[in-house]
Amino acid sequence: MVAYSFLLKPPPMHRSLISLFFLLPLTIHSQPIDSLNTAKNCQYMTAEERQMIYEINLVRSDPKSYIRFLQPLLNKANQTIKDYGKGDKNYSLTITKTEKKGKTIETTDTVWHYVNEEEVKAISSLINDLKKLKPMSVLKPDTGIYKAATKHVNDQVSHEWKLLHTGSDGSHPWDRIIKFSPSMNFGSENIAGNSADLVTPRDIVIQLLIDSGIPGYGHRYNLLDPAWTHAACKHDLYQGMHWWVQNFGRIKK
């Protein structure tokens, strides 16, 4: 069984929140910056893609410390509810595909929520999660995983970014990751889109961590899965939308 969750609209954390991210200091951390910047010499990635690997390692290596980036967002989300109420009603879809007697059966579940109310709920639950988490492994870059992410980005561009996680050849993320990086025994994928003019890797990582409106916060728990050992990120700008594919792999033991 394969299940995918996604929003029909990007989460409501674009232009109004971006300036907050630049104002927060990066000096308080338990590990040296270089130990987290594992992709710094990977010239096959762009500077933004390397920066996203660093950002993922930042939250994984010290979850509690990362809360300092989130508390201002929670304060702002709470103020938004006071000023404007629960917000517009929106919904997300969870598409589940199962194989039965050689046929693929697809079912869709719809989950409704109020945008402003859901934002507060999602940020609050993320902060609570980070408070409980122990430091996780720092992810290393992998050329094969990067090729898998690049393949899916190119496939998405050819299909106007409508494929979700299943490639046009029927491949799932772990199929592509294991194919291009045989040293891995499993993998997973996050996809994020953001239409802001000045979007940064930190904006996208925080967007996926909060995962507002996504049942089960699947993107968040992909990022915070202690089983991953390697990762790669691929960026694409398509018709004014910034798209990011994050691929994660677990090396064979």
Side-chain angles (χ1 to χ4, degrees), residues 3-15 17-18 20-21 24 36 39 45 48-63 66-74 77 90 92-94 111 113 115 118-130 133 136 138-139 145 148-149 152-153 156 161 164-165 173 177 187-196 198-228 230-237 241-249:
Y4 306 123
S5 296
F6 60 97
L7 284 174
L8 294 193
K9 297 180 182 178
M13 50 175 304
H14 299 315
R15 305 175 203 273
L17 299 185
I18 286 175
L20 292 174
F21 301 150
L24 293 166
L36 306 179
M45 293 187 194
E48 283 187 316
E49 291 163 357
R50 296 194 297 270
Q51 180 64 25
M52 180 168 279
I53 297 291
Y54 164 78
E55 194 67 30
I56 294 170
N57 284 335
L58 189 66
V59 64
R60 287 175 62 91
S61 65
D62 195 345
Y66 205 81
I67 293 171
R68 70 190 188 274
F69 300 120
L70 305 171
Q71 192 61 52
L73 305 185
L74 180 58
N90 198 2
S92 59
L93 302 178
T94 299
V111 178
H113 58 269
V115 174
E118 170 61 19
E119 188 78 355
V120 170
K121 178 183 174 183
I123 299 173
S124 298
S125 71
L126 172 59
I127 289 174
N128 288 334
D129 282 343
L130 295 181
L133 284 175
M136 288 162 276
V138 170
L139 302 182
I145 296 179
H152 197 50
V153 166
Q156 289 276 20
W161 278 94
L164 301 180
H165 294 285
I177 289 166
S188 191
E189 180 174 88
N190 282 344
I191 297 176
N194 193 306
S195 59
L198 298 173
V199 65
T200 70
R202 174 165 295 166
D203 299 336
I204 298 299
V205 169
I206 290 180
Q207 176 180 317
L208 289 168
L209 283 168
I210 293 174
D211 228 8
S212 180
I214 300 298
Y217 305 126
H219 302 105
R220 176 191 306 176
Y221 296 124
N222 247 352
L223 283 162
L224 301 178
D225 189 336
W228 304 135
H230 292 74
C233 303
K234 181 67 178 177
H235 172 250
D236 180 63
L237 180 61
M241 178 73 83
H242 291 272
W243 288 101
W244 287 88
V245 171
Q246 299 173 338
N247 275 182
F248 306 96

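Count residues from 1 along the sequence.
A231 and F248 get closest at one heavy-atom pair: CB-CD2, 4.0 Å. In this structure, L139 and W228 approach most closely via the heavy-atom pair CD2-O, 3.3 Å. Nearest heavy atom pair, residue R220 against residue L209, reads NE-O, 2.6 Å. Of all heavy-atom pairs between S61 and P63, the closest is C-CD, 3.8 Å. Across every non-hydrogen atom of I177 and G187, the tightest pair is CD1-CA, 3.8 Å. In this structure, E189 and N247 approach most closely via the heavy-atom pair OE2-ND2, 3.0 Å.
Of the listed residues (I191, I53, V205, I145), just one forms a side-chain contact (heavy atoms from CB on, under 4.5 Å) with Q246, and that residue is V205.
Classification of the H165-H219 ring pair by plane angle, with boundaries at 30° and 60°, yields tilted. Between H235 and W244, the two ring planes are tilted [angle within 30° to 60°].
Once rounded to the nearest 0.5 Å, the distance linking CG of L74 with CD1 of I127 reads 4.5 Å. In this structure, the separation between CE on M136 and CG on L223 is 9.5 Å, given to the nearest 0.5 Å. For the atom pair E119 CD and H113 NE2, the distance stands at 9.0 Å (nearest 0.5 Å). We find the CG-OG distance between L126 and S212 to be 11.0 Å, quoted to the nearest 0.5 Å. Here CD of Q51 is found 9.0 Å from CD of E48. Values are rounded to the nearest 0.5 Å. Considering CD1 of I123 and CG of L73, their distance stands at 5.5 Å, rounded to 0.5 Å.
Side-chain contact between L58 and R202: present, with at least one pair of heavy atoms (C-beta onward) separated by less than 4.5 Å. Contact check for H242 versus L237: side-chain heavy atoms found under the 4.5 Å cut-off. A heavy-atom distance below 4.5 Å is found between the side chains of I56 and C233. For the pair I214/L208, no side-chain contact is recorded, criterion being any heavy-atom separation below 4.5 Å from C-beta on.
Partners of Y217 by ring pair (Phe, Tyr, Trp, His ring centres under 6.0 Å), not counting sequence neighbours: none found. For D225, there are no salt bridge (charged side-chain N to carboxylate O under 4.0 Å, His left out) partners, not counting sequence neighbours.
A donor-acceptor pair shorter than 3.5 Å cannot be found between the side chains of Y221 and D211. Side-chain contact check for D203 and T200: at least one donor-acceptor pair (N or O, by modelled atom type) lies under 3.5 Å. Side chains of N194 and Q207: a donor on one and an acceptor on the other come within 3.5 Å.
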### Task
Test D236 against V245 for side-chain contact (heavy atoms from CB on, under 4.5 Å), laying out the working first.
CA-CA 9 Å; D236 180 63; V245 171; over 6 Å; no
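Between the side chain of S124 and the main chain of K121, no donor-acceptor pair closer than 3.5 Å is present.
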